[in-house]
Amino acid sequence: MEYNFEEIEKKWQEYWRENKTYHVDIDHDKPKFYVLDMFPYPSGAGLHVGHPLGYIASDIYARYKRLKGFNVLHPMGYDAYGLPAEQYAIQTGTHPAITTEKNINRYREQMDKIGFCYDWDREVRTSDPHYYKWTQWTFIQLFNSYYCNKCKKAQPISQLVDYLSKQGTEGLDVACTKPLSFTAKEWNAMSEKEQQETLMNYRLAYLADTMVNWCPELGTVLANDEVQDGLSVRGGYPVIRKSMKQWLLRITAYAERLLQGLETLDWTESIKDVQRNWIGKSMGASVFFKVADKDIDFEVFTTRADTLFGVTFMVLAPEHEMIDQLTTDEQREEVVKYVTWAKNRSERERMSEVKKVSGVFTGSYAVNPFNGTRIPIWISDYVLMGYGTGAIMAVPAHDSRDFAFARHFNLPIIQVVAKPGEEPSDPATWTESFDAKEGVLVNSEFLNGLTVKKAILRMIEELEKLGIGKGKTNYRLRDAIFSRQRYWGEPFPIYYKDGMPYAMDESKLPLELPSIDAYKPTETGEPPLARAKNWVTEEGYPIETNTMPGFAGSSGYYLRYEDPHNDKEYFSREANDYWQNVDLYIGGAEHATGHLIYSRFWCKFLYDIGLSCKDEPFQKMVNQGMIQGRSSFAYRVNLEKMCEYDVWNIIKDKRLGVEFVRGFKDGRRQFDFFCPEKGILIEINRMGNLEKVAGAWQEYATSKGYKLLLVPNIDVLNDYRDGTNIVEQKIKDLIAGKEVPTFVDGMEYQRGIIFVSKNVKDRELFSDPIHVDINLVRNDILDIDACRKWRDDLHNAHFIKEKDKDGNDIFVCDWMVEKMSKSKFNVQNPDDLVLKYGADTLRLYEMFLGPLEQSKPWDTQGIEGTFRFLKKFWKLYTEVSDEPATKEELKVLHKLIKKEEEDIERISFNTVVSAFMICVNELTDMKCNKREILEPLAIMISPYAPHIAEELWHQMGHNDSVVNQKFPEFDASHVVENTFTYPVSFNGKKRFDIELPLDMKQDEVQNAVVNAPEAQKWLEGVTIRKVIFIPKKIINIVVG
RNA sequence: GCGGAUGUGGCGUAAUUGGUAGCCGCGCCAGACUUAGGAUCUGGUUCCGUAAGGAGUAUGGGUUCGAGUCCCUUCAUCCGCACCA
């Protein structure tokens, strides 16, 4: 019987659906395992072969764990809110829900064909009110919480209100936007509105005026990770900085926990590094500097308190609030000019002109607290308001940016750190700063002689003693902007009373997204929700018109899968106690600073309020690499270049008896070829171009006494096609002194693209590669007929072919690895492959391609190999016998059991496919058809190729699903050997093999090897110095 | 500039702890069968060399009886971050 994958796959997909094979429930008799794929956004383009890579890997892992006795949670759903559907809505008026639904159905259809073991009963969609009810609910909890720095967790805001009413801000240590200071009396005297305003300083979800990334084109605000190089990641539209009232999440409160938590996670170092970098913790000191002749001071943040004696100027960011106070009257005009200029620069300009030094002097001086030196205070945009205090102490000797600034404005440079063992030198002679992370302090009074590390500590000590500074930790992480001026997102459960926001009562949830007439912002620039009718509470208070960003719904989705139909709570205690967090999370690495950090924050908050039993969402994560496309190119002839090339081949090297030169120039005139001896000028070009210049050039030629030959490209091409050699004949006639018409109209030129095969000689001199559809190419050989039909403009294309070794004409294409994309005609669609080879082949091949984490090109041909393997596998089961298996057969099986277990556990899926192939090759050679081998083998391949496994399992007489079996136990006794074939090396170079019993002792082994006939040749004339014998590994004889 | 990753046949890769470099597959070569195919099967396939043999895991060096693997140097490619004080 043939391997009919089409029938088999359809049959079992239906069976699994009908029998709810993949439905899971809490089962306290089994350990749980949670395998999750990153939440997909259902884009309109559907899946290409790169998308299912991670899904197949997680599916294999999930199925494997199930065979190993785990109760495996493996759900799938959709991150259904997103910009593309909304952009489409704006353009066409189609409700984004309709577009999204359509895309989801397409995704689902594609996924179903691949045979995943998702429990679809648990599917969630972020745009479903049953789901976003809990997104809104979580937002309310964030709104009603603050972060206590002492107990290091979120607390109810009511507790803070209580505290403030009793003690004011005295002794308060909580996360806030700005440190405030007031007494209990003052607090109690505040109006309700004032109190609400004050609380905004502490809430974990708060409303504030912020500089945001505003994208006018998209009409919305974007998060930092949604902007790249001043352009929106989605769409590539310009982004400007703008101040707007926005909802923010106080993620900065969790900076330290987000950083520390990384240590407990089994993620790649590179992703952890990206997150560490994003959080950007730096430990240093905050120092207050007094301003000379004024009774004010200002604060700077530095990580290098040790270099305080090297400070020769101060720099403030142009947005610094004290600029006005610090600017002297003489400097005012210039300062205002500079600040205005700096503030109006776009983020893009500022970033692209990083190297340009600009700045202005305020006229004021700060005072060095230790030696009283007056330090000029400058303003420059190389200092950012958003980091630290927006003011720095500049140490030009040891900071490259300060150095550049000092040199530009001629400010002094003082060296305070010397390289260990080196004398300080004159900074005036330096060409760059010495960014000394290690070294010994000099010119620094009480710090002299200390190492950098010790000096920092000592300086902080001194600062604290004087009460003008203290050790401080700074984070680069910013609070997450949580408002979007869009329609297609979760509405905020917030209404406004007296201009102050209030959270709705939880009983009002979900607050459903209203329908509106158009999806654009209003004429007055308000978000689309402002178009909704009656967008007010029952009491008539207006409801927030912003919606939540994409990461709102995707931050806690993995928890909802644990209890997706719960109407009463986000998820039940019971479900969460059982399923806990995700054990294995598979997805791309591109979410490192977005989803993966927001989810961790979300989780930690839910942990703090006692909802999630774990404070990290994804215990182990694997980031699959990208699948790249293998594009095919045909070389397209550049007519000009080719014709010149052809003619040159006729005349070069005195082939026609006279010398020609290429590229002859006379003044502004330039000709392709020139023969000085006979005075012949030759120019090759398009007919049209030749006609234009013919008159003038003829005149020039006549005046010089030259003969002119203008050759239309077409003549050269005709020579090429029919070998008439008219061009050659013309040139010969000219040389012979005959009269030749300057140019003769050639035949009618049929416009058509000319292609040239890859290995045609000198092809690179006259052709350029263009993409051709990979479906037209097989083994790099182009199907010319198909290519002609592919595009209208190729109907009459001409192909210059080459010969293969049998003398057949073929057209060879070149290839290149690049991104898989429609425009490159290199997209492989999983549906097509499933149709042609079946899902099992596709699954195996995607894994076989290489290590999951690595990026690799998709080889269109390679899939045939795995297809052949499955056919070979199928054949093993043709007639299953009940005879007992032989020792060798058992050994083959158990080798595979061990290999598969070990490799799946270490996420090495590609090597398992190889191992299957080796096993099947060996069993085929042995003609093995024993049930004792084939039954466990069917179970073992089921994670990879579930359909064929299920079919064969049933064919062998079983009525239950292969999915519910147990993974076979490895029995080491089947693989023990009593002999080993040792490689014998001389001086580390392997010379021959020798089979020896494993229990042989060193001296016996030595004897056997030295006396082996193959060894004699290598022992001749040398002495044995040493014999290395490693049992079961190698024998190495050192001779000399 | 900083940080991370990767570099092995024509191609994708394998070699799990320092122990036979190139498993498995694609492609290619030869053969068998054939209704002469983009089917199937068998054998071969790192490079140089007829061979014996030699060379060989980006580069140069080191440690070791032994290095793709460990250490140092340089180069290339990819990714992330970037006036972050």
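Bear in mind the structure is a predicted one, so any value in this text is a computation, not a measurement. Proteins get letters first, then strands, A, B, ... in listed order; numbering begins at 1 in each.
Side chain of P983(A), nearest nucleotide from rU20(B), rC65(B), rC83(B): rU20(B). Ranking rC84(B), rG25(B), rA85(B) by closeness to the T303(A) side chain, first place goes to rA85(B). Relative to the side chain of N921(A), the nucleotides rG12(B), rG3(B), rC24(B) differ in distance, and rC24(B) lies closest. For D993(A), whose side chain is taken as the heavy atoms from C-beta onward, the closest listed nucleotide among rA85(B), rU20(B), rC81(B) is rU20(B). The side chain of Q861(A) lies closest to rG27(B), out of rG27(B), rC84(B), rG3(B). Checked against rG25(B), rG3(B), rA21(B), the side chain of D273(A) finds its nearest nucleotide in rG3(B). Taking the side chain of T911(A) as heavy atoms from C-beta on, and the options rC24(B), rC65(B), rA15(B), the nearest nucleotide is rA15(B). The listed nucleotides are rG3(B), rG12(B), rU16(B); the one nearest the side chain of P857(A) is rG12(B).
I907(A) places its CD1 atom 14 Å from the C1' atom of rU16(B), with the value rounded to the nearest Å. Remark: P of rC11(B) and CD1 of I627(A) are 19 Å apart, rounded to the nearest angstrom. Rounded to an integer number of Å, the gap from CG of D814(A) to P of rC11(B) is 13 Å. Distance, L849(A) CG to rG27(B) P: 14 Å, rounded to whole Å. Distance CD (E853(A)) to P (rG7(B)): 13 Å, rounded to an integer number of Å. In this structure, NZ of K272(A) is placed 13 Å from P of rA5(B), rounded to the nearest angstrom. Computed from coordinates, the K895(A) NZ to rA15(B) P distance equals 16 Å when rounded to whole Å. Between the C1' atom of rG3(B) and the CZ atom of R276(A) lies a distance of 11 Å, rounded to the nearest Å.
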Tabulated below should be each protein N or O lying under 3.5 Å from an N or O of nucleotides 53-57 of chain B; please produce it.
| unit_1 | atom_1 | unit_2 | atom_2 | d |
| --- | --- | --- | --- | --- |
| rG53(B) | OP1 | K1017(A) | NZ | 2.2 |
| rG54(B) | OP2 | R991(A) | NH1 | 2.9 |

Pairwise N/O distances under 3.5 Å, protein to nucleotides 33-42 of chain B:
none

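Taking syn as a glycosidic angle within 90° of 0, rG38(B) does not qualify and is anti. Nucleotide rG61(B) carries an anti base; the chi torsion (O4'-C1'-N9-C4 or O4'-C1'-N1-C2) is more than 90° from 0.
A donor and an acceptor atom, one from each side chain of S358(A) and Y338(A), are located under 3.5 Å apart.
For D479(A), there are no salt bridge (Lys or Arg N to Asp or Glu O under 4.0 Å) partners at least two apart in sequence or on another chain. Listed by chain and number, the residues in a salt bridge (Lys or Arg N to Asp or Glu O under 4.0 Å) with K990(A) are D993(A) (sequence neighbours excluded). Here D859(A) pairs with nothing under the side chain to side chain donor-acceptor pair (under 3.5 Å) rule; sequence neighbours left out.
With both ends at atom C1', the span from rG62(B) to rG10(B) equals 34 Å, rounded to whole Å. When the P atom is compared between rG3(B) and rU17(B), the two are found 27 Å apart, to the nearest whole Å. Nucleotides rC75(B) and rU63(B), compared at atom C1', are 23 Å apart to the nearest Å. Taking atom P in both rA14(B) and rA30(B), the straight-line distance is 31 Å, to the nearest Å. Using C1' as the reference atom, rU57(B) and rC70(B) are 16 Å apart when rounded to the nearest Å. The same atom, C1', is picked in rA21(B) and in rG9(B); the two are 11 Å apart, to the nearest Å. rU73(B) and rC2(B) have their P atoms separated by 13 Å, with the value rounded to a whole Å.
Nucleic acid contact class of I1030(A) (heavy atoms, under 4.0 Å, all strands): base. Across all strands shown, I1028(A) has heavy atoms under 4.0 Å from base atoms, whether or not it also approaches the sugar-phosphate. In this structure, N910(A) reaches the sugar-phosphate backbone alone: every heavy-atom distance under 4.0 Å involves primed, P, OP1 or OP2 atoms, never a base. Contacts of D402(A) with the nucleic acid, taken as non-hydrogen atoms under 4.0 Å apart, are absent.
Side chain N1036(A) to base rC65(B): a donor-acceptor pair is found below 3.5 Å. Side chain K856(A) to base rU6(B): no donor-acceptor pair is found below 3.5 Å.
Side chains of F403(A) and W430(A) form a contact here, defined as non-hydrogen atoms less than 4.5 Å apart. Side-chain contact between N910(A) and M847(A) is absent, with no heavy atoms from C-beta onward closer than 4.5 Å. With a 4.5 Å cut-off on side-chain heavy atoms, I414(A) and V311(A) do not count as touching. The shortest distance between side-chain heavy atoms of T866(A) and L870(A) does not fall below 4.5 Å.
Residues Y387(A) and M917(A) each lie close to RNA chain B; by heavy-atom proximity, the contact nearer the 5' end of the strand is made by M917(A). When the nearest nucleotides of RNA chain B are assigned to E269(A) and S914(A) by heavy-atom distance, the more 5′-ward of the two goes with E269(A).
The phosphate of rA85(B) has neither OP1 nor OP2 within less than 4.0 Å of any side-chain N or O from R476(A).
Remark: side-chain polar atoms of S433(A) are paired, donor with acceptor, to backbone N or O of S400(A) under 3.5 angstrom.
Using cut-offs of 30° and 60° for the angle between ring planes, the W858(A) and Y845(A) rings count as perpendicular. Aromatic ring orientation, Y944(A) versus F909(A): perpendicular (interplanar angle above 60°, classes split at 30° and 60°). Note on ring orientation: taking the six-membered ring where Trp is involved, the planes of F970(A) and H894(A) are tilted (angle from 30° to 60°). The aromatic rings of F867(A) and Y3(A) are tilted relative to each other, their planes meeting at an angle between 30° and 60°.
Separation of the F1029(A) and Y982(A) ring centroids falls under the 6.0 Å cut-off. Remark: aromatic rings of Y837(A) and F5(A) are distant, center separation not under 6.0 Å.
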* To do: Could you summarise the pairing of RNA chain B as dot-bracket text, marking Watson-Crick and G-U pairs under 3.5 Å with ( ) or [ ] inside the strand and | across strands?
  => (((((((..(((......[....)))((((((.......))))))(((....)))..(.(((..]....))).))))))))....
